[in-house]
Amino acid sequence: MLKNNLEEVRRNMEAAAVRCGRSIDEVTLIAVSKTKPVEMIQEVYDLGVRDFGENKVQELVDKYDRLPHDIRWHLIGHLQTNKVKYIIDKAYLIHSVDSLKLAKEISKEAVKRGICVNVLIEVNVAGEESKYGFSPDEVVDAVREIAQLPSIYIKGLMTVAPYVAVDEENRQFFIKIKQLTVDIMQKNIDNVSMDFISMGMSGDYEVAIEEGATYIRVGTSIFGERNYNIK
Ligand SMILES: *Cc1c(COP(=O)(O)O)cnc(C)c1O
C-alpha cells in the first residue's frame, strides 16, 4: 500500500512539474508521518524517502531516537517557546516560525549551543482565525526583525492553505506566497534567503508545485487517513 501510494504521489509531482516547466529536482517531498508508527516510517524510508514531517515535539523526539539518523526531520506544527530546547538540535528545518517571541527563543537557544538554525516563516495566507502565522501584511517587517537575531537564518516561507474541496481554490494563496518571496528577496535583507517555499498538502500539492513550492508536505496520500483516537 505504502509503495503504491508513494509511487502515485511521485508520478503526480512529476506531472505537475512538467506542466509548469519546472525540474522535479526543485521539489522535495516531505512525508508527514504524524500519528504513524515507526514501522511505517521505516518502510517509506526504505523506499528512498529521507525527509519526514512531524507537528509535535515529543513525537518527533521519540521517532528521532528510533529511526535512521540520516533522516531530515521537519518540524511543521506550532512550536511552543518552552519546547524549543528539545527540538533545536534534531529538526533539520523548522517550518513554523509564527511569532517574534518564538524566533527570539530559537535564537537564544542556538547561541547557547553554538549552532545555526534554519527556519521558514509561517504565513497565515488566508487570514484564518484557526491558523498560526504572520499575516501577509506583517511578514516583511517580521522578516526584517528576525533577520537581526543571531544564529537563526530565514530560508523562506511556509503556509498551510485552507482546507478546500477543490484544489484550484488554493491557487490564489500559493501565488500570493510566491509573490511575497519575490518581494522579500528584492529587499535584499542580510542573512535572509527565499530559497524554500513550503506549501501544498495531500489535497493541493500539485497546484502548489505549479505555483512554485519547493517543499510539499504530504501525509494522508502516503500513509492513509490518520486515526487520532488510537494514538
Ligand atoms: C498534517 C499536516 C500536513 C499533511 O496533511 P495531509 O493532508 O495529510 O497531507 C501538512 N502540513 C502540516 C502543517 C500538517 O500539520
Side-chain angles (χ1 to χ4, degrees), residues 1-2 4-13 16 27-37 40-41 43-44 47 49-63 71-80 83 87 91-99 102 118-134 139 155-171 173-174 177 196-231:
M1 175 198 97
L2 289 174
N4 290 343
N5 289 352
L6 187 61
E7 277 169 3
E8 189 181 337
V9 169
R10 283 176 168 154
R11 263 198 312 276
N12 292 340
M13 287 174 67
V27 187
T28 301
L29 170 65
I30 298 173
V32 177
S33 48
K34 63 194 189 200
T35 79
K36 299 296 177 181
M40 280 178 101
I41 302 174
E43 203 176 323
V44 171
L47 294 164
V49 174
R50 291 295 176 271
D51 294 87
F52 289 88
E54 291 285 340
N55 67 340
K56 294 211 162 69
V57 167
Q58 187 58 51
E59 197 172 339
L60 191 157
V61 169
D62 288 345
K63 288 172 176 174
I71 288 179
R72 294 179 288 267
W73 290 103
H74 297 259
L75 186 74
I76 61 175
H78 176 62
L79 175 57
Q80 290 171 282
K83 297 201 173 147
I87 203 81
Y92 171 77
L93 184 65
I94 299 172
H95 290 230
S96 43
V97 172
D98 53 16
S99 71
L102 174 60
N118 292 331
V119 303
L120 305 181
I121 303 301
E122 182 167 357
V123 183
N124 183 356
V125 69
E128 291 173 282
E129 253 342 299
S130 59
K131 296 234 165 96
Y132 291 100
F134 296 95
V139 69
K155 297 291 179 190
L157 301 181
M158 177 271 210
T159 200
V160 182
Y163 186 79
V164 289
V166 182
D167 59 1
E168 275 301 326
E169 292 176 39
N170 279 339
R171 187 180 297 275
F173 298 122
F174 298 143
I177 294 292
F196 300 114
I197 303 179
S198 170
M199 60 187 186
M201 309 177 18
S202 289
D204 55 19
Y205 64 87
E206 292 162 89
V207 176
I209 290 171
E210 289 171 10
E211 299 305 337
T214 71
Y215 280 119
I216 57 169
R217 310 179 307 267
V218 179
T220 310
S221 292
I222 296 172
F223 291 101
E225 295 290 338
R226 286 176 291 273
N227 186 344
Y228 287 97
N229 298 325
I230 57 158
K231 170 96 217 296

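Order of appearance sets the numbers: ligands from 1, and atoms from 1 within every ligand. The shown structure was predicted, so the numbers you read here are calculated from the model rather than taken from an experiment.
Of the candidates L75, I216, T35, I76, I76 brings a heavy atom nearest to atom 13 (C) of ligand 1.
Here the protein heavy atom with the shortest distance to atom 5 (O) of ligand 1 is M201 CE, 3.5 Å. Taking atom 11 (N) of ligand 1 as the reference point, the nearest protein heavy-atom neighbour is R217 NE, 2.8 Å. Nearest to atom 8 (O) of ligand 1 among the protein's heavy atoms is T220 OG1, 2.5 Å. From the protein, the heavy atom lying nearest to atom 6 (P) of ligand 1 is S202 OG, 3.5 Å.
For K34, every heavy-atom contact with ligand 1 shorter than 4.0 Å involves the side chain, none the backbone.
Classification of the H95-H74 ring pair by plane angle, with boundaries at 30° and 60°, yields perpendicular.
D167 places no side-chain N or O within donor-acceptor distance of the main-chain N or O of Y205, the cut-off being under 3.5 Å. Side chain of N5 to backbone of I222: a donor-acceptor contact under 3.5 angstrom is found. A distance-only check finds a donor-acceptor pair linking the side chain of T214 to the backbone of I197 [under 3.5 Å]. Proximity of a side-chain donor or acceptor of T159 to a complementary backbone N or O of M199 within less than 3.5 Å is not detected.
Counting heavy atoms from C-beta on, the side chains of N227 and T35 never come closer than 4.5 Å.
Within the 4.0 Å heavy-atom shell around ligand 1 one finds R226.
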